[in-house]
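Worksheet: the structure to be examined is printed underneath.
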Amino acid sequence: MAASSAVSLLDIRLRRFGVGTSNHELHLRKWKRRLLWSDGNQAVAPRRLSCSADMLAPIRRSGGCEKSEERRFDQKTSAHGAGIKASSSAMPFASPKSRFVSKQEKFYPRCTPRLTGPQSRDTPPKRDTGIANEKDWGIDLLNENVNESGSNEDGSTWFRESGQDLGENGYRCRWTRMGGRSNDGSSEWTETWWEKSDWTGYKELGVEKSGKNAEGDSWWETWQEVLHQDEWSNLARIERSAQKQAKSGTENAGWYEKWWEKYDAKGWTEKGAHKYGRLNEQSWWEKWGEHYDGRGSVLKWTDKWAETELGTKWGDKWEEKFFGGIGSRQGETWHVSPNSDRWSRTWGEEHFGNGKVHKYGKSTTGESWDIVVDEETYYEAEPHYGWADVVGDSTQLLSIQPRERPPGVYPNLEFGPSPPPEPDQPQ
């Protein structure tokens with residue numbers, strides 16, 4: 001082999017010049033091992049590695065601001081293009097194949113080859129996972145402008161870019177974006193990460209991701225976390241939201257979810273979700289909400305329903321309102337057959353705060369009840385996850401540094417009209 005011949009020739013030349021001490025032989029053996037770094041039974045030259053401070057950092061994900069709607073590749077079927085339509089979502093899909101650790105990565109785990117592309121992330125989001133905390137995303141924005149791309153040994157391509165956008169009132173958006181595409185174009189993905197800030201104290205952390213895989217599954221997901229000052233109460237407020245949708249490539253199946261949470265420094269909290277799903281001939285919907293005013297008043301509600309292509313429909317909904325141990329609950333369960341026959345049962349409870357509860361109800365089949373019972377009243381007057389919790393889980397959002405404001409320049413605060421009263425708010 002060429003490598004073996006080079007070692008033998010060097011060995012002869014060294015001996016010719018009298019370099020034959022044990023110390024030099026030790027260095028020669030070390031040099032041979034590096035040159036003859038073998039893969040199986042075949043000796044190969046080692047790959048050149050570049051291990052700088054930048055290379056030792058974790059592979060950074062991508063992000064962007066208003067550019068987050070753009071797509072690096074021309075997709076025949078855009079995951080985001082499906083929009084927020086009920087039918088553009090999906091069930092669990094196939095996961096990507098496992099990556100085996102190469103010999104080079106085994107011996108040099110902290111070094112990566114120069115221009116190594118991002119790892120493939122062609123997996124759809126999971127259902128009913130709510131709003132993730134910022135630490136679960138691992139957002140790591142690049143500090144410099146980057147625009148690089150490359151290809152892998154299997155023919156797949158990748159890109160990574162970053163930058164920042166500036167605007168009025170101290171606006172700044174730092175973003176990083178990355179993506180990849182398989183050799184045949186059957187699988188591709190993009191991820192966009194950003195942080196925004198301005199001189200009013202507004203801060204935002206966000207993610208958007210989309211893609212499709214070889215099985216034909218497509219998806220889109222976005223996540224945001226915002227800190228701002230409420231215009232009317234002057235209280236700090238943190239809001240988190242997430243939207244997810246996926247669509248199966250092998251069957252008539254899909255799903256969509258929208259989640260939101262809002263908190264302020266005095267305990268006011270609002271949470272809610274809208275969900276939709278479809279599996280072949282069956283579709284279902286779900287909506288729920290929670291509202292805590294921070295002074296002991298609480299409103300909760302849920303509404304679920306489903307239907308089949310044959311015309312069968314059914315559902316269930318309930319609502320509760322409480323303040324100071326006094327309140328009410330009411331609900332309905334219903335069913336409609338394909339020939340439009342309807343059945344329903346309604347029920348209600350009145351809690352007087354003195355250990356007495358009035359229970360009543362009726363159904364379309366003739367059931368009815370109206371009684372007063374001795375029963376303890378239980379409800380959650382405060383959210384199980386509130387202002388202190390969200391502040392503790394938003395360290396990266398709170399640490400965003402705005403642009404330096406020149407002396408004598410003040411933020412432009414624009415107050416809009418008084419907000420309308422919120423629907424279903426307890427009196």
Could you tell me whether H335 and W305 have their ring centroids closer than 6.0 angstrom? no
Ring centres under 6.0 Å, that's the criterion: do H291 and W268 meet it? yes
What distance do [X] atom [atom1] and [Y] atom [atom2] have between them, rounded to the nearest 0.5 Å?
X    : Y    : atom1 : atom2 : answer
S186 : E215 : OG    : CD    : 8.5 Å
K300 : E290 : NZ    : CD    : 4.5 Å
D389 : N133 : CG    : CG    : 10.0 Å
S363 : W343 : OG    : CH2   : 6.5 Å
Q396 : D140 : CD    : CG    : 8.0 Å
D303 : W288 : CG    : CH2   : 14.0 Å

With H228 as reference, evaluate E239, E204, K203 under the side chain to side chain donor-acceptor pair (under 3.5 Å) test and give the passing residue. E239
Donor + acceptor pair across side chains of [X], [Y] (<3.5 Å):
X    : Y    : result
Y292 : E270 : no
E225 : W223 : no
D316 : T333 : yes

Determine, stepwise, if the pair R181 / T157 fulfils side-chain hydrogen bond (donor to acceptor under 3.5 Å, both in side chains). CA-CA 5 Å; R181 185 179 187 180; T157 57; over 6 Å; no
Candidate pair D217 and K247, rule side chain to side chain contact (heavy atoms under 4.5 Å, CB included), full reasoning: CA-CA 6 Å; D217 307 324; K247 185 177 182 180; over 6 Å; no
side-chain hydrogen bond (donor to acceptor under 3.5 Å, both in side chains) between S344 and T364, intermediate numbers included: CA-CA 6 Å; S344 71; T364 55; 4.6 Å; no
Could you check whether any side-chain N or O of [X] sits under 3.5 Å from a backbone N or O of [Y], counting only pairs where one atom can act as donor and the other as acceptor?
X    : Y    : answer
Q229 : N234 : yes
D264 : R237 : no
T222 : V207 : yes
S218 : G249 : no

Could you tell me whether the side chain of [Y] reaches within less than 4.5 Å of the side chain of [X], counting heavy atoms only?
X    : Y    : result
Y263 : Y385 : yes
P125 : W219 : yes
Y171 : Y202 : no

Within a 6.0 Å radius of atom NZ on K313, are there more than 12 heavy atoms belonging to other residues, nucleotides or ligands? no
With R177 as the cation and W175 as the aromatic partner, state whether NZ or CZ is under 6.0 Å from the six-membered ring centre and within 45° of the axis. yes
Using the salt bridge (Lys or Arg N to Asp or Glu O under 4.0 Å) rule, pick out the option among E307, E309, E251 that qualifies with R278. E309
